[in-house]
Every structure is written in structure tokens, then in C-alpha cells.
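These notes are about the structure you will find just below.
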Amino acid sequence: MASHDDRMGGIGDAFAQANQLLIGRLQALDDGAATRSSGGAWTPAQIGLHVALTNEFLSAVLSGQVEQMNVPRPRRVH
């Protein structure tokens with residue numbers, strides 16, 4: 001049975017790999033594809049922003065810096 005540290009390391013590695021895959025896919029998009037919505041769904045750019053802000057927030061919570069965060073709120077576009 002894997003140790004707690006091994007499991008946590010595996011989770012961290014899997015998260016980093018998934019994050020890098022998402023970033024790579026977003027960077028490969030041209031501006032039109034990144035900002036185009038399909039049927040009212042979020043655009044790839046909006047998804048990337050959401051993931052980035054969520055990662056920053058969770059990092060701040062875990063590091064104890066959450067009180068110092070000034071998270072920008074995306075404007076709602078209709």
C-alpha cells in the first residue's frame with residue numbers, strides 16, 4: 001500500500017500534468033478560437049481564466065495568504 005506522502009505526490013504530479021496540458025491547448029488556439037463560444041457555453045479563454053483564478057485562490061488559502069488577495073472579478077459580457 002502506498003504511503004500518504006506517495007499518494008499526495010502522485011496527486012500533485014497528476015495536477016501539474018493536467019494543468020500543463022490545459023495551458024498547452026489554450027496556447028495553441030488562435031485568438032478567434034479562444035474567444036468563440038458555442039451555444040452560450042464558456043469560451044476556452046474564460047475556462048482558462050477560471051482555472052487560473054481558482055488555482056491562485058486555492059494556493060492563497062493553503063499558504064495563509066488569502067486575506068491579502070485582491071482577486072479581479074471578470075466582467076459579465078452579454
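Each residue takes its place number in the sequence, starting with 1.
- Taking each heavy atom of Leu29 and Ala33 in turn, the nearest pair found is CD2-CB, 4.1 Å.
- Looking only at side-chain heavy atoms (C-beta outward), Asn55 and Phe15 come within less than 4.5 Å of each other.
- Other residues, nucleotides and ligands place no more than 12 heavy atoms under 6.0 Å from the CG atom of Asp31.
- There is a path of hydrophobic side-chain contacts, each under 4.5 Å, that joins Ile47 to Leu26.
- The heavy-atom pair separating Ala41 from Gln46 by the smallest distance is O-OE1, 4.4 Å.
- Residues Leu58 and Met8 do not share a hydrophobic cluster, defined by chaining ILVMFWY side chains whose heavy atoms lie under 4.5 Å apart.
- In this structure the side chain of Asn19 reaches within 4.5 angstrom of the side chain of Val51, judged on heavy atoms.
- The distance from atom CZ of Arg25 to atom CD of Gln20, rounded to the nearest 0.5 Å, is 13.0 Å.
- In the hydrophobic clustering of ILVMFWY residues, with side-chain heavy atoms under 4.5 Å counting as a link, Trp42 and Leu22 come out together.
- Once rounded to the nearest 0.5 Å, the distance linking CD1 of Ile11 with CG of Asp6 reads 11.0 Å.
- At least one side-chain heavy atom of Thr54 sits under 4.5 Å from a side-chain heavy atom of His50.
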